[in-house]
Every structure is written in C-alpha cells, then in structure tokens.
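Below: one structure, written as structure tokens.
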Amino acid sequence: MSHNSIHWFRKGLRLHDNPALIAALKDCRHIYPLFLLDPWYSNNTCIGINRRRFLIEALRDLDSSLKKLNSRLFVVSGPPTEVLPKLFEEWKITRLTFEVDTEPYSQSRDEEVMKLAKEYDVEVIPKISHTLYNIDRIIEENKGKPPMTYVSFQNVLKDIGPPKKPVPAPTKEDMKGVSTPFSEDHEEEFGIPTLEDLGLDTSSLGPDLFPGGEQEALRRLDEHMQRAAWVCKFEKPQTSPNSIIPSTTVLSPYIRFGCLSARTFWWRLTDVYRGKKHSEPPVSLHGQLLWREFFYTTAYGIPNFNRMEGNPHCVQVDWDNNPEYLAAWKEARTGFPFIDAIMTQLRQEGWIHHLGRHAVACFLTRGDLWISWEEGQKVFEELLLDADWSLNAGNWQWLSASAFFQQYFRVYSPIAFGKKTDKYGDYIKKYLPMLNKFPAEYIYEPWKAPRSIQERAGCIVGKDYPRPIVDHEVVHKKNIQRMKAAYAKRSPQDKDGKTITKGVKRKVTSILDMFEKKAKR
DNA sequence: TACAGAGTTGTGTGC
DNA sequence: AGCACACAACTCTGT
C-alpha cells in the first residue's frame with residue numbers, strides 16, 4: 001500500500017535517530033514534514049525572544065536538511081486539533097507519525113489528535129525517541145511508581161539494560177519512490193516565519209552564542225567527543241559555574257528541542273569511554289543524561305509536577321508574595337554581584353551553568369528571598385534556551401528543598417560560593433560592567449568597600465549598583481527555621497520533637513495509589 | 001515495623 | 001591545597 005504520510009515535528013527537530021520519520025517513509029508515496037505553530041504555548045507560557053530565535057533556527061536547519069532529500073518542511077499556524085483535520089483532507093493523508101512526548105499538555109493534545117485521526121481513518125504511529133527509555137516501562141518496572149532517588153532509579157535501569165541504539169537519518173536511498181508535493185510558492189504558504197513575521201520585538205535579542213539546529217548540535221557533539229580525556233574525566237560538580245567560557249558542553253538546548261538525540265549522545269559517550277578509565281553516574285556525562293531521564297520519569301509519574309499544591313511529593317511551604325524582591329531577582333538587581341551576574345547572563349545569553357542555577361534558585365527560595373519556586377520556574381521557562389518542563393520543575397523542587405532533596409540547612413552563600421572558582425570576580429566584571437574597576441577583595445560584597453574605594457572604582461553602591469536587598473547572614477538562618485517548620489507540618493513529631501514518619505508515609509502512598517488507579521483506567 | 005545508611009555538587013574552621 | 005569535622009538533623013530505600 002502507498003501512503004500519504006505526515007510526520008509531525010514537535011520536539012525531535014532532527015533527521016538522525018528519528019524512528020517516527022523513518023516509519024512515515026515506509027511504503028510511502030507522499031511525505032509531508034510538518035511543524036505547527038501551536039498558539040497554546042503563547043497563551044499559556046512566556047517564551048523569551050532568544051528561545052524563539054533558537055526554535056526558528058532549528059526549523060531552518062531542518063528545512064535545509066529536508067531540501068537535500070528533495071523534501072521541504074511545512075510550517076502551519078493554529079491549534080493542532082483544527083489544523084490537522086484540514087490537512088488530512090487536503091493532502092489525502094493516510095498516516096500520521098510523531099515522537100512521543102510525556103509532558104501533560106503534549107499527552108492531552110496527542111490524545112485528542114489520535115481520536116481525530118481515527119475519525120479521518122488516518123493510521124497513527126507514535127515512536128519513542130526523545131528519552132533514552134520508554135518512561136512507562138521504567139515506572140512499570142518500579143511497581144507502578146517513579147523511583148524517587150537517583151540510586152533507586154539506576155537500580156531499575158540495571159534490570160532494563162542500556163538504552164536502544166539510535167537509528168540513522170533517512171538517506172536519498174530511503175526516499176526512493178517518496179516525494180514531497182511542494183509548490184513554487186511554498187515559502188509564502190508554508191515557509192518558516194521570521195521573528196519579525198511573528199510580530200516580536202527583536203530589540204532585546206542577545207548574542208547568538210548557541211544557534212539552533214541539528215547540524216550545529218552534531219558539530220558541537222563532535223567537538224566535545226574529540227576531547228576524550230576531558231570526557232572520561234568529566235565530573236559535573238568539579239566544573240565551574242562562573243568560567244568565562246562554558247565549562248560544560250552546552251548541548252542541553254539541542255537536546256531540549258531534539259536537535260540532538262539523547263540516545264545518540266549516550267552511545268557516542270559509550271564509544272569514547274570504551275577501554276578507558278572514566279567517571280561514572282551521577283557525576284559523569286552519562287550521569288547527566290540519566291538525570292534528565294530521572295526527571296522525565298518523575299514529572300510523568302507525579303501529578304501536578306510543576307506546582308506545589310496538589311503535588312504529593314512537594315513540601316507545602318508558606319512562601320512570601322513579594323513582587324519587589326521577585327523583580328529584583330529577575331532583573332539582576334539584588335545587590336549581590338554573583339547572583340546579578342548569573343541572572344544577566346541568563347537574560348542575555350539564554351544559558352547558565354547548572355551550579356549557577358543552583359545559586360540563584362537557592363537565593364530566590366529557601367536561601368534568601370523566600371519566594372515560591374514556581375515563580376523562579378516561570379523565569380527560567382522564559383529565558384533558558386534549554387528550559388524543559390520536566391527538568392525545570394524537578395530541579396526547582398530540588399533546589400528549594402521541596403522534593404528530592406531534604407537537607408535544607410545546606411544553603412549556598414551568594415558571596416562565598418562563587419569565590420571558589422573565580423577568586424577575582426572576572427565573571428562578575430564581564431556581566432556587570434559597572435563593577436569593572438572594583439578591587440577583587442570587594443567584588444563579591446561591594447557594599448563593604450570604603451567610600452574612597454567606591455569612588456576610585458567609579459561605582460557608588462546605592463547609586464551605580466544596588467545595595468543588597470537582604471542581609472544573607474540574618475535571613476538564611478531565619479529561613480532554615482522556616483523550612484524546619486514547613487517540614488514539621490508535613491511530618492508530625494512525637495513529644496520529644498522526634499519526627500514520626502510512618503503516618504506521612506501512609507498518606508503519600510495512598511495519594512499515589514489513587515493516581516496509579518487513575519492512570520490504569 | 002524499625003532502623004541504618006545514604007543522599008550529584010554547603011559553609012566555615014582548623015589542621 | 002586538600003581533607004576532616006561540626007553545624008542540625010531532613011527523607012527515601014533496603015534490609
């Protein structure tokens with residue numbers, strides 16, 4: 001039988017390791033590679049200009065790769081449930097393929113689309129290739145609930161075995177007998193819009209340090225995999241959050257959009273490791289991919305994962321509603337140069353080191369400002385090129401000690417932490433030029449510099465750079481007590497003040513049971 | 001059921 | 001420089 005296939009790109013913006021695309025090409029006469037500009041995202045999330053640019057670059061790269069196979073990318077605006085039925089009819093579609101995505105919106109969207117496809121007699125082929133594993137399988141192997149620690153997660157994976165090997169990109173050979181019916185005015189009808197076409201203000205675009213697209217992703221992967229000794233030695237906690245050149249691979253935006261397959265990355269690492277002594281999870285590069293998989297699993301298996309309320313694993317905390325503090329954090333004017341430099345890099349460049357994320361996340365939540373992690377989550381979602389629903393929610397819960405991580409008395413110092421890897425504050429000077437002439441001994445706490453030194457440096461604290469909005473020493477001690485109270489509420493104590501855990505355990509299990517039953521239905 | 005042990009990446013002090 | 005320790009005492013997993 002000869003099919004007319006749509007391959008619907010959502011994440012997975014690549015040709016390599018794209019099993020759903022390969023499935024679309026089987027016994028196929030006409031292939032329509034499709035990307036939808038779904039208004040749901042603009043209506044429900046805030047996406048910054050740098051992220052939008054990354055997406056458009058990735059689409060352009062995809063189109064250029066498809067051109068080499070005598071095909072083209074079709075870009076259409078509108079809700080999938082409205083656009084797809086029209087295209088099914090217009091293009092006489094018999095088959096729809098796409099990559100599985102586990103985010104809640106994707107799940108409900110795809111469920112609706114599959115119903116519609118049935119009505120139009122369109123065969124649907126979903127394939128797993130965004131994650132290393134089938135997430136359902138991991139949860140099943142762990143008795144129906146997601147593993148809640150990295151070690152137990154690893155134990156489950158031991159039973160499953162290594163991830164599947166990536167599938168090669170389609171070749172001209174695979175395209176024999178397959179064509180894409182595109183017309184001469186393809187650009188007008190189905191072309192990739194520019195940022196201006198989308199009516200976006202491009203005045204705040206930052207430098208294009210990490211251009212989107214599969215070709216750039218594979219180039220970047222090659223570049224790093226050639227450094228075999230570095231790859232084998234890699235230990236995430238030993239990399240610097242405040243180096244001028246990123247100390248890690250910065251492949252995360254590419255993996256987020258699926259320009260790079262996690263499985264391709266995984267097996268390339270395996271090749272580099274082979275026969276050599278190398279670091280191990282959780283700190284190795286394999287370990288980083290497993291962290292991603294870990295949070296994809298918990299995000300899929302835990303209800304209301306991006307919220308505090310209704311999230312059975314999240315400690316319920318009485319965070320302050322403090323718009324002034326939130327704005328100061330978001331706009332890089334907390335008065336702590338280390339924090340403000342990181343927030344500036346985030347806004348301008350769209351990527352900050354994982355430990356930089358730790359520092360600013362701890363500062364916003366349990367460390368200093370006592371503002372809900374959900375607020376921080378929104379800011380990261382807007383500004384991070386690699387903002388990924390599952391990882392963003394999971395890591396914010398981790399850093400705010402709301403879930404996964406409970407040692408809330410371990411607080412990052414906005415002054416001391418950065419000094420470990422950047423004694424002289426070069427990173428701060430790069431992102432906060434007003435502090436450029438400040439002597440190193442005061443660069444992390446400019447308010448302590450004598451007036452004469454501030455004058456000589458041409459930067460008066462309170463005028464040219466803000467005073468610190470909180471006294472870290474005071475506020476972090478207070479916040480540890482507040483965290484203690486939040487945990488005590490969740491975990492009732494006996495008369496000696498010792499925590500009784502069994503009652504809570506039963507409560508959490510029962511909520512999970514309910515969720516499991518719901519999921520089975 | 002109870003308990004021991006561990007937990008990706010804290011800070012400050014002292015040797 | 002690098003390590004041990006106190007700080008105070010959290011939760012999850014496995015036995």
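These numbers come from a predicted model, not from an experiment. Every chain is numbered from 1 and lettered A, B, ... according to where its sequence line falls, protein lines coming before strand lines.
- Between E381(A) and K378(A) there is no salt bridge, since no side-chain N of the basic residue sits under 4.0 Å from a carboxylate O of the acidic one.
- dG14(C) and dT8(B): their P atoms are spaced 13 Å apart (whole Å).
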Let me check something: any side-chain donor-acceptor pairs from residues 269-277 of chain A under 3.5 Å, sequence neighbours excluded? List them with distances.
| unit_1 | atom_1 | unit_2 | atom_2 | d |
| --- | --- | --- | --- | --- |
| T270(A) | OG1 | W266(A) | O | 3.0 |
| T270(A) | OG1 | H286(A) | NE2 | 3.3 |
| D271(A) | OD1 | R274(A) | NH1 | 3.1 |
| Y273(A) | OH | H286(A) | N | 3.4 |
| K276(A) | NZ | V272(A) | O | 2.8 |

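- Ring stacking holds between W291(A) and dT8(B), with the centres under 5.5 Å apart and the planes within 30 degrees of each other.
- Here the nucleotide nearest the side chain of Q406(A), chosen from dT9(B), dT13(C), dT11(C), is dT11(C).
- Ring planes of W398(A) and F405(A): parallel class, angle under 30° (limits at 30 and 60°).
- Separating the CE atom of M148(A) from the P atom of dG7(B) is a distance of 17 Å, rounded to the nearest angstrom.
- Counting to the nearest Å, the C1' atom of dA6(B) and the CZ atom of F405(A) are 13 Å from each other.
- Aromatic pair F363(A)/W370(A): ring centres not closer than 6.0 Å.
- Non-hydrogen atoms lying under 4.0 Å from DNA chain B are contributed by R410(A), V411(A), Y412(A), S413(A), A416(A), F417(A), K420(A), all within residues 409-428 of chain A.
- Of all nucleotides listed (dT13(C), dT9(B), dT11(C)), dT13(C) comes nearest to the side chain of T149(A).
- Residue F153(A) contributes atom CZ, which lies 14 Å from atom C1' of dT8(B) at whole-angstrom precision.
- For Q288(A), whose side chain is taken as the heavy atoms from C-beta onward, the closest listed nucleotide among dT9(B), dG12(B), dT8(B) is dT8(B).
- F294(A) and F404(A) have their aromatic ring centers within a separation under 6.0 angstrom.
- Taking atom CG of L289(A) as the reference point, atom P of dT8(B) lies 17 Å away to the nearest angstrom.
- Summarising the geometry, the separation between CD on Q481(A) and C1' on dC7(C) is reported as 12 Å, rounded to the nearest angstrom.
- Atom NZ of K477(A) and atom C1' of dA8(C) are 13 Å apart (whole Å).
- For the C1' atoms, the distance linking dT1(B) with dT13(C) amounts to 14 Å, nearest Å.
- As rounded to the nearest Å, dA1(C) and dT9(B) have P atoms that lie 23 Å from one another.
- In this structure, N395(A) does not reach the dT8(B) phosphate: none of its side-chain N or O atoms is under 4.0 Å from OP1 or OP2.
- Between dC10(C), dC12(C), dT9(B), one nucleotide has an atom nearer to the side chain of P237(A) than all others, and that is dT9(B).
- In this model, the phosphate group of dA8(C) is not approached by any side-chain N or O of K484(A) to a distance below 4.0 Å at OP1 or OP2.
- Proximity note for S152(A) (side chain, C-beta onward) versus dT13(C), dG12(B), dT8(B): the nearest is dT13(C).
- For F294(A) and dC12(C), the CZ to P distance is 11 Å, given to the nearest whole Å.
- Between dT11(B) and dT11(C), the two C1' atoms lie 22 Å apart (nearest whole Å).
- When Watson-Crick and G-U wobble pairs are counted only if both distances are under 3.5 Å, dA9(C) pairs with no nucleotide at all.
- Screening K11(A), R14(A), K127(A) for a salt bridge (Lys or Arg N to Asp or Glu O under 4.0 Å) with E99(A), the sole residue that qualifies is R14(A).
- If you look at Y442(A) and W447(A), their ring centroids are not closer than 6.0 Å.
- Nucleotide dT9(B) forms a pair with no other nucleotide shown, judged by Watson-Crick or G-U wobble geometry with both contacts under 3.5 Å.
- When distances run from any side-chain atom of P282(A) to the nucleotides dC10(C), dT9(B), dT8(B), the shortest one goes to dT8(B).
- Between the side chains of T334(A) and D340(A), a donor-acceptor pair is found at a separation under 3.5 Å.
- The side chain of N155(A) lies closest to dG14(C), out of dT11(C), dG14(C), dT9(B).
- Comparing dG7(B) with dA9(C), their C1' atoms are spaced 13 Å from each other, to the whole Å.
- The one candidate from H224(A), H354(A), Q288(A), K236(A) that meets the side chain to side chain contact (heavy atoms under 4.5 Å, CB included) condition with T248(A) is K236(A).
- Distance check on atom P: dC3(B) versus dC7(C) gives 24 Å, rounded to whole Å.
- Going from atom CD of Q407(A) over to atom C1' of dG5(B) covers 12 Å, rounded to whole Å.
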